[in-house]
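Values reported hereafter were calculated over all heavy atoms of this structure, with side chains retained and with hydrogens, waters and symmetry mates removed. Numbered from 1 within each chain, the chains take letters A, B, ... in sequence-line order.
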2 protein chains.
Amino acid sequence: MANSKLFKGSLNTIILKLLEEKGKMYGYEITQKVKELTKGELKITEGALYPALHKLEAEGLLEAEVAKVDNRLRKYYKLTEKGEKETVNRLAELEEFIRSMHNLVNPDWSIQ
Amino acid sequence: MANSKLFKGSLNTIILKLLEEKGKMYGYEITQKVKELTKGELKITEGALYPALHKLEAEGLLEAEVAKVDNRLRKYYKLTEKGEKETVNRLAELEEFIRSMHNLVNPDWSIQ
DNA sequence: AATTTATACATAATTTTCTTATGCATAAGA
DNA sequence: TCTTATGCATAAGAAAATTATGTATAAATT
């Protein structure tokens, strides 16, 4: 997509939020869900996603569970308790970020 | 700031928008203006700002002019014609980005 | 008077985070 | 049969930031 640069730094927050909503998801599912929600605008690459998932797991925010579906492996991730708390913080930061960007560039729409 | 990661990738757009509004600005002025507009939330570091300005200049989006004020050098930047056009694009992308993020994380406010 | 903070630029080393490329494997569709 | 889709993973490289360092003058503080 044209403005993929803008998404830099927001991947972790996106993952955490989706997991908060869905309960558990596997990697490929996340890439498809993001593509769907952004109407194809944001395509998360595997080279970005899997290392991000591994890191969040190493930080104790996610825990993984492998399942075999239709003879294919899926690695399901869900939030740990720590991850749930952190997600609240990250989303608050994201909201603050968007408000700040609004103040900076002041486009012709408002935030309610 | 806590969520500086989220701002990754948006520095160029911020610079272009501020210059569009102000006409011309120098580097230090940009850092102060951003700090003011974000209530201290975003502190642009010099190591990020100056290379970004140089790159935008090299791309032909900005042009620079050095002035001496109070025995101190200031390097004023302003948009070129190409830069003005590009700024329109970048702001449209930014708006699309913010709408996408909204769809993704669906906070409790709406965009009008 | 001396030191710190503010103003103003710049670059180098390092880190973070991404893209692109590669690899393996099974299932479905053309 | 070959391509696309599903599913994981890692390595090489690029991009964009942070942190550290350097130079210089002016203002403010101790």
Report summary line: Those residues at least two apart in sequence (or on a different chain) that pass side-chain hydrogen bond (donor to acceptor under 3.5 Å, both in side chains) with B:Ser100 are A:Glu41
Query raised in the report: Taking NZ, NE, NH1 and NH2 as the nitrogens, is one of them in B:Glu93 or B:Arg90 under 4.0 Å from a carboxylate oxygen of the other?
Result: no
Query raised in the report: At what distance, to the nearest 0.5 angstrom, does NZ of A:Lys24 lie from CG of A:Leu62?
Result: 14.0 Å
Query raised in the report: Listed in order of residue number, which residues of residues 46-70 of chain A have a non-hydrogen atom at under 4.0 Å from DNA chain D?
Result: A:Glu46, A:Gly47, A:Tyr50, A:Pro51, A:His54
Query - Sequence neighbours excluded, every pair satisfying salt bridge (charged side-chain N to carboxylate O under 4.0 Å, His left out) that has a member inside residues 44-70 of chain B - result: B:Lys55-B:Glu59, B:Glu63-B:Lys78
Query raised in the report: Of all residues at least two apart in sequence or in a different chain, which pass the side-chain contact (heavy atoms from CB on, under 4.5 Å) check with B:Lys82?
Result: B:Leu61, B:Thr80
Query raised in the report: How long is the line joining CD1 of B:Ile44 and P of D:dT18, in whole Å?
Result: 9 Å
Query raised in the report: Near DNA chain D, under 4.0 Å by heavy atom, which residues of residues 9-19 of chain B?
Result: B:Gly9, B:Leu11
Query raised in the report: Applying ring-ring contact (aromatic ring centres under 6.0 Å, His included), which residue pairs with at least one partner in residues 60-82 of chain A are found, sequence neighbours left out?
Result: A:Tyr26-A:Tyr76
Query raised in the report: What does A:Lys75 touch in the nucleic acid at a heavy-atom separation under 4.0 angstrom: a base, only the sugar-phosphate, or nothing?
Result: sugar-phosphate
Query raised in the report: In whole angstrom, what separates A:Leu73's CG from D:dA9's P?
Result: 9 Å
Can you check nucleotides 3-7 of chain C for protein contacts, nitrogen or oxygen pairs under 3.5 Å, and list what you find?
unit_1: C:dT7; atom_1: OP2; unit_2: B:Tyr28; atom_2: OH; d: 2.0
unit_1: C:dT7; atom_1: O5'; unit_2: B:Tyr28; atom_2: OH; d: 2.9
unit_1: C:dT7; atom_1: O2; unit_2: B:Arg72; atom_2: NE; d: 3.3

Query raised in the report: More 5' along DNA chain C: A:Lys8 or A:Asn71, using each one's nearest nucleotide?
Result: A:Lys8
Query raised in the report: Watson-Crick or G-U wobble partner for C:dA30, using a 3.5 Å limit on both distances?
Result: D:dT1
What side-chain donor-acceptor pairs closer than 3.5 Å can you find for residues 8-18 of chain A, not counting sequence neighbours?
unit_1: A:Ser10; atom_1: OG; unit_2: A:Phe7; atom_2: O; d: 2.5
unit_1: A:Lys17; atom_1: NZ; unit_2: A:Glu20; atom_2: OE1; d: 3.3

Report task. Grab the NZ-C1' distance between A:Lys35 and D:dG7 for me, whole Å please. Result -> 14 Å
Query raised in the report: Do any pairs count as a ring-ring contact (aromatic ring centres under 6.0 Å, His included) and have a residue in residues 41-67 of chain A, sequence neighbours left out, and if so which ones?
Result: none
Report summary line: salt bridge (charged side-chain N to carboxylate O under 4.0 Å, His left out) filter on B:Glu81, not counting sequence neighbours, yields none
**Report entry** Listed partners of B:Val69 passing side-chain contact (heavy atoms from CB on, under 4.5 Å), at least two apart
**Finding:** B:Arg74
Report summary line: Those residues at least two apart in sequence (or on a different chain) that pass side-chain contact (heavy atoms from CB on, under 4.5 Å) with A:Lys35 are A:Gln32, A:Lys43
